[in-house]
2 protein chains.
Amino acid sequence: MTKKKISIKDIAKLTNTSITTVSFVLNGKGRTSKDVAKLILDTAHENGYEPNRMAVGLRTGVSKVIGLLVENIGGPFFGEVAKVIEEEAEKLGYSIIYCSTNNSLQKGRNIIKMLSHQAVDGYIITPLKGLEKDIQNIIANGKPVVLIDGYFPKLDIPHVLVDNATSVYNAIDYLIKAGYRKIGFVTADLDLVQLHDRMNGYKEALIDHGIKVDNKLIFKLPFDQPKATSVMAMKGFLKQYKQMDAVFFSANYLGTMGLECIKELDLSIPQDIAVVSFDDTEVFSLYPPGITAVQQPVHEIAKSAIDILMAQLSDKNLDMSDTKLHIPAKLIERSSTTPKNT
Amino acid sequence: MTKKKISIKDIAKLTNTSITTVSFVLNGKGRTSKDVAKLILDTAHENGYEPNRMAVGLRTGVSKVIGLLVENIGGPFFGEVAKVIEEEAEKLGYSIIYCSTNNSLQKGRNIIKMLSHQAVDGYIITPLKGLEKDIQNIIANGKPVVLIDGYFPKLDIPHVLVDNATSVYNAIDYLIKAGYRKIGFVTADLDLVQLHDRMNGYKEALIDHGIKVDNKLIFKLPFDQPKATSVMAMKGFLKQYKQMDAVFFSANYLGTMGLECIKELDLSIPQDIAVVSFDDTEVFSLYPPGITAVQQPVHEIAKSAIDILMAQLSDKNLDMSDTKLHIPAKLIERSSTTPKNT
DNA sequence: TTGAAAGCGCTAACAA
DNA sequence: TTGTTAGCGCTTTCAA
């Protein structure tokens, strides 16, 4: 059982051929006679030969590893993304090294540096403001990158994410048509395009319906503070403006926290306040009376990201059109937004 | 920006020394004069030198990569585990390659094979029945393994997981003391030690309280069938035995599904049926009236796993005691199990 | 159809 | 205190 790993040299010896021949046969570059090829293949198989990735990597500069840099691998959205990406990558013989940034620029920087030492072949990255240079560096060094869940509006870098603006626009539009007019908007106080886009979708929908944007109805929750503090703050917001008849949460953790606040404030959904959250989760489908949510096409996002990356990997001078995807979301209508009988 | 990676050789040239000297300095193996050392260090730093991991790996046989094989990286438990493990590993200069088995033996096998070609330095694995040989093989080849969330009772392999039997025992004991007597048990029809242990905890608690185990109150939900089918089956079970006054779900996805069933059956918690689930999640804390759950010490499990692995990595002939951890869980009491007024 | 040999970047035994 | 050199396992050019 403790058999040492067998190498190409061993196989050459075993078959009375040269390492060159073995290498060619094993890599399917036909130039050898059928007999020899078969013998080598059989011997390799019998002995459980497997190429040493380090050696191949050192020689060819290809590691068959992809770096995945997400905000939080433990979260529902990124967890699912990670799963799909891994499954797709595995089919193609790639492995995934993952890291979480927790929205910290510093951490993102370090990790990119670390991954580049690891000599990964490509990257899938959740972008952060300030990471532009680092990412452009990667690309300048010839490694492909696909951004996920965000993008740099001014840079020409492939990305795939949900169509934030439109999907929020649609959700707000839906609320308005259901009779709600004083719609609050809760977001995180983070400078991320995806959040700005969501906010814009919200504002545009209001404006298109002739409703004035009221900044008092917009609440930016500070990031990275203790949960109790956040709950307190959010309760404060929800309580303060009793005239609010609906509220939109722009991220799933905000929605979940919002439900907790609403419960503690003893408000009923949707009678006292209608609720919609971005990013559907099990909580929203289960929590009574059922929370309407914007469902991200997680699977499609993940699949597209890996597809685009692989395309770049196999064809360096790829046509870069069709590598910037804003995929429509689906509004899952539940009873938290029942039409209002005004 | 498109600067090619700089190598040890370049530094040697730049500093008029030899690659040996550079290597020694960079690895902190003092044997060089202070002046030369400083010069080399500075030059390396200025040029952003970073060792080529492939080369180091090929030469030393150490990849600084750990393989993480879990049931489902997208799930709440494993997602959190993955996050902690990554954070700890990163501090120590290790990266994590992850894979999900989805409880498929075949997939687990393939992945272990694949990881071993990747030449990972160590493994953290969620064991599956049938994977014993493969795992023993890894160990025989000198790579350390720590099992997580499960173990092989007959094998002497380090592992860390929650104390399943005791924690379920305590939960059932709590239910009984709260006045419930006809307690159902829902589990997955998978042959996993952790599930058996949970079932045993359930049975023992009943027996210790002089309650007879009624197999009709135990339901094993087939794994890997469409969700609708599972819901149907579980509803069937919950409906069939109206005399059941409480039910224990032995996994979080079962608990969540159970809530859905209970809702559809229009039963109220805890009046019609009290509910406890294994593995606390956000759903349970939020879902009215609050679902009592067995909270796994996720953080501690993950931390211990990586610690034990690292200990083995740094000291091959480690004392193997203290490497088999069954960590106590905490019962989070909520209103789904309010004492019964009989 | 085959093989010898160079070399990817690094470590470390050995020599000076 | 420093440098020369072999070699980790592999791919690939060049020659036979």
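Chain naming here is simple, since letters A, B, ... match the order of the sequence lines and numbering starts at 1 in each.
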Task: Results of side chain to side chain contact (heavy atoms under 4.5 Å, CB included) for B/Tyr94 - residues two or more places apart only - done: B/Lys64, B/Ile66, B/Ala89, B/Leu92, B/Asp121, B/Met310, B/Leu313
Task: B/Val146 side chain reached by B/Ile125 side chain, heavy atoms, under 4.5 Å - done: no
Task: B/Ile148 side chain reached by B/Ile301 side chain, heavy atoms, under 4.5 Å - done: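 With C-beta onward as the side chain, the pair touches.
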Give every donor-acceptor pair under 3.5 Å between a side-chain atom in residues 150-161 of chain B and any protein atom, sequence neighbours left out.
residue	atom	partner	partner atom	Å
B/Tyr151	OH	B/Asp197	OD2	2.8
B/Asp156	OD1	B/Lys324	NZ	2.7
B/His159	ND1	B/Ile157	O	3.0
B/His159	NE2	B/His326	NE2	3.1

TODO: For salt bridge (Lys or Arg N to Asp or Glu O under 4.0 Å), just list the numbers for A/Glu86 and A/Lys83, CA-CA rounded to whole Å, side-chain angles, deciding distance to a tenth of an Å, and then say yes or no.
DONE: CA-CA 5 Å; A/Glu86 176 244 316; A/Lys83 188 173 182 201; over 6 Å; no
Task: Reading 5' to 3' through nucleotides 9-16 of chain D, protein heavy-atom contacts under 4.0 Å coded B for base, S for sugar-phosphate only, - for none - done: BBBBB---
Task: Value in whole Å for how far the P atom of C/dA4 lies from NZ of A/Lys13 - done: 13 Å
Task: Interatomic distance where CG belongs to A/Asn16 and P belongs to C/dT2 [whole Å] - done: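 Whole-Å distance recorded here is 13 Å.
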Open item on the list: Which residues pass the salt bridge (charged side-chain N to carboxylate O under 4.0 Å, His left out) test with B/Lys34, not counting sequence neighbours?
Closed with: none
Open item on the list: Counting only heavy atoms from other residues, nucleotides and ligands, does the tally under 6.0 Å from CG of A/Asp322 exceed 12?
Closed with: no
Task: Axis bend over the full length of the helix from C/dT1-D/dA16 to C/dA16-D/dT1, computed from five pairs that close each end, to 10 degrees - done: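 Axis-to-axis angle, ends of the helix: 50°.
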Task: Partner set under side-chain hydrogen bond (donor to acceptor under 3.5 Å, both in side chains) for A/Glu50, not counting sequence neighbours - done: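 Expected list: B/His117.
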